[in-house]
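Numbering starts at 1 and runs along the sequence shown. Side-chain atoms are counted along with the backbone in the values below, which use heavy atoms only and exclude waters and symmetry mates. For clarity, every value in this text was computed on a predicted model and none was experimentally measured.
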Amino acid sequence: MNTPAPTGAMTGLRVIDLTRVLGGPYCTQILADHGADVIKVEPPAGDEVRDWGPPFHDEDAAYFVGINRNKRSIGLDLASEGGRAVLMKMLETADVLIENFKPGTLDKWGIGNDVLRAKFPRLVHCRISGFGADGPRGGNPGYDAIIQAMTGMIAATGSPESGPMRIGVPLVDITTGLYATIGILMALSERQRSGLGQFLETTLYETGLAIMHPHTANYFMHGKPPSLTGNEHPNLVPYAIFPTRTDNIFIGVGNDGTFRKLAKEIGKPELGTDPRFARNKDRIANRDALRAELAAVFRQHEAEPLCNRLLAAGLPAGPVQKIDQALTNPHTIHRGDIIEKDWYRGVASPIRLDRTKPNLRRTPPKFSQHAAEVLGEFGFAKDEINALVEKGVVCGPERKR
């Protein structure tokens, strides 16, 4: 007997995705990886990150490709009355609407949340914005690096030598996408009880503040802003990069017992009972002296064998790898963390469910690739679709750059 292929946990969920750039598309890719039918509605010029390259695949930048798999694309001019009419038709069977327009845009178009709530009471409407709709900065645009700057992230990152530094990945955008996903799932869970959808909002600004742990907690406790500690932890020692004979390694020690175990494992058990280093607060007070002691030991070893030995002993250590090393690491390969389909390669969903597994069904779509297919599913006849394309309401495969 043939066993039917397992379906994703979000199979049966229909998501209308009006987002662009990063936070929203990152959110909807999570849902799409797990089976949701995500229809990516793009403006006539397309999602601008299609142009954020090189590198490119068929004129679509890697930046776009990396966050838009498992989706279908339709180009739609929502600034036109006809485009909004098509959207409203699509929302009749949608579970989730996610958008990142400037707050007030949908209201200006006559399809604000009050209208959507009255017409589609089960709809979960998620908005991602920079600062929210109200407050002194309400309605201002938000950008990852600017939010890093404004929420204390840049001021807390870097060393005294480097000065403040931007974090090298768009952490605020990505985490906002994660929070949006969590919020959508919460709203869908609540809908099972109430039968009603609701509006939810995640902002880059609140996300930036929310992920500033432990710096906010430290500040609330002692009233001092963080100093620049480079790769070292403000609350734990040792928790930093150390050079070895070959490459750098990172050591992270979370408690006194672990430190004593580390000292014994590297052949320096006396460090674990030294009054200068016995407790974490002592190690913080004497971090420079401890760093010198540990660095002298680590320089006698090669990075990979040392980390393998420490990890096998249950100690937190890892080689500092470049991205190519990480993506070709034997553990990465063994865990199936790289997924491929046709020309596409990407990093698999880290959410691993036992029965309802994520899967790669579709490569990232070309602009408006699925317009006719999607509109047909919503009851539009072929001649109606052709008329919408003729009027410029629905876009063909060519973007209006």
Side-chain angles (χ1 to χ4, degrees), residues 142-175 204-256 258-260 262-263 266 268 271-272 274-303 306-307 310 315-323 325-326:
Y143 303 91
D144 182 277
I146 308 306
I147 302 300
Q148 285 194 34
M150 294 178 68
T151 57
M153 207 170 293
I154 287 178
T157 305
S159 66
E161 295 75 27
S162 70
M165 295 189 70
R166 178 183 70 87
I167 295 172
V169 295
L171 185 63
V172 174
D173 276 335
I174 288 173
T175 310
L204 273 65
Y205 186 72
E206 268 95 36
T207 294
L209 291 175
I211 62 177
M212 277 296 289
H213 185 80
H215 301 299
T216 49
N218 289 345
Y219 178 78
F220 288 141
M221 188 71 69
H222 59 41
K224 301 174 186 175
S227 58
L228 294 175
T229 58
N231 290 302
E232 301 203 15
H233 198 288
N235 294 65
L236 296 171
V237 173
Y239 202 101
I241 287 178
F242 291 89
T244 69
R245 191 190 306 161
T246 51
D247 296 302
N248 289 329
I249 63 172
F250 202 102
I251 300 291
V253 170
N255 59 61
D256 298 336
T258 299
F259 177 68
R260 289 191 292 272
L262 172 68
I266 64 174
K268 299 282 285 186
L271 295 179
D274 189 315
R276 297 174 298 167
F277 312 135
R279 293 177 298 176
N280 186 63
K281 66 177 184 178
D282 303 321
R283 294 192 293 276
I284 288 177
N286 297 286
R287 70 167 72 223
D288 290 341
L290 179 58
R291 167 172 274 284
E293 292 274 4
L294 294 176
V297 175
F298 294 146
R299 284 196 189 95
Q300 301 171 25
H301 297 269
E302 294 185 358
L306 174 61
C307 287
L310 294 178
L315 292 164
V320 178
Q321 299 184 140
K322 295 180 180 178
I323 189 66
Q325 295 171 300

field: Nearest heavy-atom neighbours spanning His233 and Asn235
entry: ND1-N, 2.9 Å

Salt bridge (charged side-chain N to carboxylate O under 4.0 Å, His left out): pairs with one or both residues in residues 159-169, sequence neighbours excluded: none

Nearest atoms (heavy-atom pairs only) where Leu204 meets Val172: O-CG1, 3.5 Å

query: Take atom CZ in Phe242; do more than 12 heavy atoms of anything else shown fall under 6.0 Å from it?
result: yes

field: Heavy-atom closest pair, residues Lys322 and Gln325
entry: N-OE1, 2.8 Å

task: Under the side chain to side chain contact (heavy atoms under 4.5 Å, CB included) rule, collect the residues that match up with Ser162, sequence neighbours excluded.
output: Ser159, Met165

message: Going by salt bridge (charged side-chain N to carboxylate O under 4.0 Å, His left out), name the pairs with one or both residues in residues 216-238, residues two or more places apart or in two chains.
response: Glu232-Arg287, Glu232-Arg291

- prompt: Backbone N or O of Ala303 within a donor-acceptor pair of the Thr246 side chain at under 3.5 Å?
  reply: yes

field: Separation of Leu315 CG from Ile251 CD1 (nearest 0.5 Å)
entry: 8.0 Å

- prompt: Looking only at heavy atoms, which two atoms of Leu171 and Ile167 are closest? And how far apart?
  reply: CD2-CD1, 4.1 Å

message: Taking NE2 in His213 as the centre, count heavy atoms belonging to other residues, nucleotides or ligands within less than 6.0 Å. Is the count above 12?
response: no

- prompt: Can you list the residues that meet the side chain to side chain contact (heavy atoms under 4.5 Å, CB included) rule with Thr216, with sequence neighbours excluded?
  reply: Met212, Phe220

message: Check whether Asn280 reaches the backbone of Asn255 with its side chain - one donor and one acceptor, N or O, closer than 3.5 Å.
response: no

task: Mind checking the CD1-OG1 spacing from Ile174 to Thr207? Nearest 0.5 Å is all I need.
output: 12.0 Å

- prompt: Got a sec, which residues hit side chain to side chain contact (heavy atoms under 4.5 Å, CB included) with Ile266, two or more places apart in sequence or on another chain?
  reply: Leu262, Lys268, Leu294, Val297, Phe298, Leu310

query: Between Asn248 and Ile241, is there a donor-acceptor pair closer than 3.5 Å when you use the side chain of the first and the backbone of the second?
result: no

message: Quick check against the 3.5 Å criterion: does Gln300 have a side-chain atom that pairs as donor or acceptor with the backbone of Ala296?
response: yes

- prompt: Looking only at heavy atoms, what is the nearest atom pair of Ile284 and Leu236, with distance?
  reply: CD1-N, 4.4 Å

query: Between atom NE2 of His215 and atom OG of Ser227, what is the distance when rounded to the nearest 0.5 Å?
result: 9.0 Å

- prompt: How long is the span from the CD1 atom in Ile146 to the OG1 atom in Thr151, to the nearest 0.5 Å?
  reply: 11.0 Å

Atom pair CZ (Arg245) and CZ (Arg299), whose distance is rounded to the nearest 0.5 Å: 12.5 Å

- request: State which residues pass salt bridge (Lys or Arg N to Asp or Glu O under 4.0 Å) with Arg279; sequence neighbours excluded, sorted by chain then number.
  value: Asp282

field: Distance (rounded to the nearest 0.5 Å) between Asp173 CG and Asp144 CG
entry: 4.5 Å

- request: Kindly indicate whether the side chain of Phe259, heavy atoms from C-beta on, has any atom under 4.5 Å from the side chain of Pro238.
  value: yes

Nearest non-hydrogen partners of Arg283 and Ala278, listed with the distance: NH1-O, 3.4 Å

